[in-house]
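One-based numbering along the sequence shown. The analysis underlying the following values was restricted to heavy atoms, covering all of them including side chains, and did not include hydrogens, waters or symmetry mates. In listed order, ligands and their atoms are each counted from 1.
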Amino acid sequence: MQNQQKIRVAVRVRPLLDLEKKQGHSNSKIDCNGQEVIIKEERNKKSYKFDHVLPETASQDQVFKSCEIDQLVQSVIEGYHVTVFAYGQTGSGKTHTMEGQRDDEGVAIKQDGIIPKTIHSLFNRIKQNALQRDFSVYCSYLQIYNEKIYDLLGEASKVNFGIQTSGLKMRWNVRDQFVVENLFVYQCKSAEEVIKLFKLGSRNRITASHKLNFSSSRSHSIFEIKIESVDLKNPDYFITSKLELVDLAGSERISLTGTEGRQAKESIEINKSLMTLRQVIAILSDANNKTIPPYRDSKLTSLLKQSIGGNCFCLMIACIAPLDSFYDENVSTLQYATKAAYITNLPMKNDDPKLKVVNELKQQIKSLKAELSRANEHIESLSNIVQKKDNNQSLNGVQTRSNFDNLLKNQQRLLEQESSDDDVKKFDQVQQNERLIDSINMVRELLFSNKEMREREEQINQKCEAMYREIQFLQKENFELRERLGDPDSQSPQKRPSTIKKNTMMVEELGFLPEQVTQFQRNFQKDFRETQSKDYRDQQMSMTNQNIRAHSQRTQGRQLPLISNYQQNFEEVQQDEMTNFRRRSLYQKQFK
Ligand SMILES: Nc1ncnc2c1ncn2[C@@H]1O[C@H](COP(=O)(O)OP(=O)(O)OP(=O)(O)O)[C@@H](O)[C@H]1O
């Protein structure tokens, strides 16, 4: 098929770290030769080929260029979904490749990785296309930790992480497949804004130290950038696409990482979800295997369903490290990377779903019109037969559907005045007339239901637009509220919560004017500086978090009924289509 695309696979070998060199390790195990990776063990030598091979000397820039990520960004601009994910064992360099080099807090600060480079590339492309299309960019960031989903940009932070134990819910949606409910989505105007959010989320991501990695990610993370664009010349042409940048937690053997207690439990969960991912890859890569891939067995595979074996352009970056102890895991990584390269995706342009429904309905109306004109012709020929048979009756050319009533009357008259001489002839005539009357009624019903469908379509379009406006309004409201609350993200953790608490109370509960709020803020900050009590700050912090959570639930909760309304309407239209279809088949049967 024309649009089929294999998952592209790149392998990156990380260099030995200083500490590893000091410990006496050397890289005699892995060689890169063009598109080939050769991995050696004693006398064994295994060789694997990939789309891109990045040796240990490859810089972050070279990785970005060799993997042709700029082209993927262009695909997103054109309306295709794109996923880039890093895979490999713990400590193999996934986070370094995706984010860059981390500081002690786990935030990438040096050697920008794929994510920041991609964000810059995206905004450059948006600039280049700004004269043709109007773009809106939205971001969200989540982590899957111990098989639960947490919002890295919402109220889930390291500070109150323990409170959000139940995680966010995942919901099945016919169009987008699995979606996470109540995930914070931010509209961003510049690359800097997106990067700021990304860094904030990364800081909230859970990391821990173990024997193989000083700053090991304990969760899978998905940073999603959604792009909507409208053609400036043709505002009806609306496309939406998403770019998912995924940094998986690394598979790990507890015997090597030396993890215990909570970390050991994390290892088990990480390995379980990666096992499901491997199963999905193995099934999809084997054309003879007809088993249904077990996407639903883990949150990770559910959320990556569209990316692996779905409708996205997908790039997998398999990371390996040149250490003896990594040999088995490296071989396993290379084997799954080889399998992934066999998986076929079917990237599709994501035109506006609203537009799609409208086009489908237009198509349906067109085919109903064609059927109707065929029915008219049929009626006309039947009328001619009837006319010929009854010389005393003149039907005066029943030709179009506007003459249905005349036809009906004439046929009834015909029935009443039928000569009684020939009983057999009369019986035929009666039957024919009955059929004719039935068909006319049926055509009428079809016309009527067509009209109803058009009205319904119009209503749905209006509802869609209203809902869309409402969602945008809510997002804007959320964003503004956060900003008004003193941009908690840019403040130090000690200062942030109490300011938020004060602002939240003022704005939400008391309903002060903005100038009053600003004055209160100033007073409060002064009060706060004078208040040295740590207990007081802790108490304020927890109250603030509760307020933000309550507000977020309230605003996001308002979107759900709208969405369910929309779904209900959509189902009703589908029901109507079914009824129409049945009517048409009945009608066709009648004339066979
Ligand atoms: N290409 C590279 N050049 C220099 N240092 C690297 C490179 N790749 C990885 N590193 C270093 O190796 C260490 C482990 O890398 P990283 O944290 O990215 O591994 P990971 O695969 O994300 O591990 P985990 O799954 O445990 O999170 C880090 O100190 C990182 O800075």
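Geometrically, ligand 1 and Ser92 share a nitrogen or oxygen pair separated by less than 3.5 Å. Checked against a 3.5 angstrom limit, the closest N/O atoms of Gln111 and ligand 1 fall outside it. Ligand 1 has an N or O atom lying under 3.5 Å from an N or O atom of Thr90, backbone or side chain. Considering backbone and side-chain N/O atoms, Leu17 never comes within less than 3.5 Å of an N/O atom of ligand 1. Between Ala249 and ligand 1, a contact under 3.5 Å exists for no N or O pair. Taking distance alone, with nitrogen or oxygen atoms compared against 3.5 Å, Asp247 stays at or beyond that limit from ligand 1.
Counting the atoms of ligand 1 from 1 in the order shown, those under 4.0 Å from a heavy atom of Gly250 are 25 (O). Atoms of ligand 1 lying under 4.0 Å from at least one heavy atom of Gln89, given by number and element, are 21 (O). Every atom of ligand 1 is numbered from 1 in the order shown, and the set under 4.0 Å from a heavy atom of Lys94 is 18 (O), 19 (O), 20 (P), 21 (O), 22 (O), 23 (O), 24 (P), 25 (O).
Arg12 counts as a contact of ligand 1, since one of its heavy atoms falls under 4.0 Å from the ligand. The closest approach between Gly91 and ligand 1 falls below 4.0 Å for a heavy atom of the residue.
Applying the salt bridge (Lys or Arg N to Asp or Glu O under 4.0 Å) test to Glu224 and every residue at least two apart in sequence or in another chain returns nothing.
Contacts classified as ring-ring contact (aromatic ring centres under 6.0 Å, His included) and involving residues 289-313 (residues at least two apart or in different chains) are given here: Tyr80-Phe313.
Neither the backbone nor the side chain of Cys319 comes within 4.0 Å of ligand 1, counting heavy atoms alone.
Arg8 and His52 share a side-chain donor-acceptor pair at under 3.5 Å.
A donor-acceptor distance shorter than 3.5 angstrom exists from the side chain of Asn330 to the backbone of Ala321, with no hydrogens or angles considered. No donor-acceptor pair closer than 3.5 Å links the side chain of Ser121 to the backbone N or O of Lys117. No donor-acceptor pair closer than 3.5 Å links the side chain of Glu329 to the backbone N or O of Gln89.
No cation-pi contact links Lys339 to Tyr342, judged by a cut-off of 6.0 Å to the six-membered ring centre and 45° from its axis.
Checked against the 6.0 Å centroid threshold, Tyr138 and Tyr186 do not count as a close aromatic pair.
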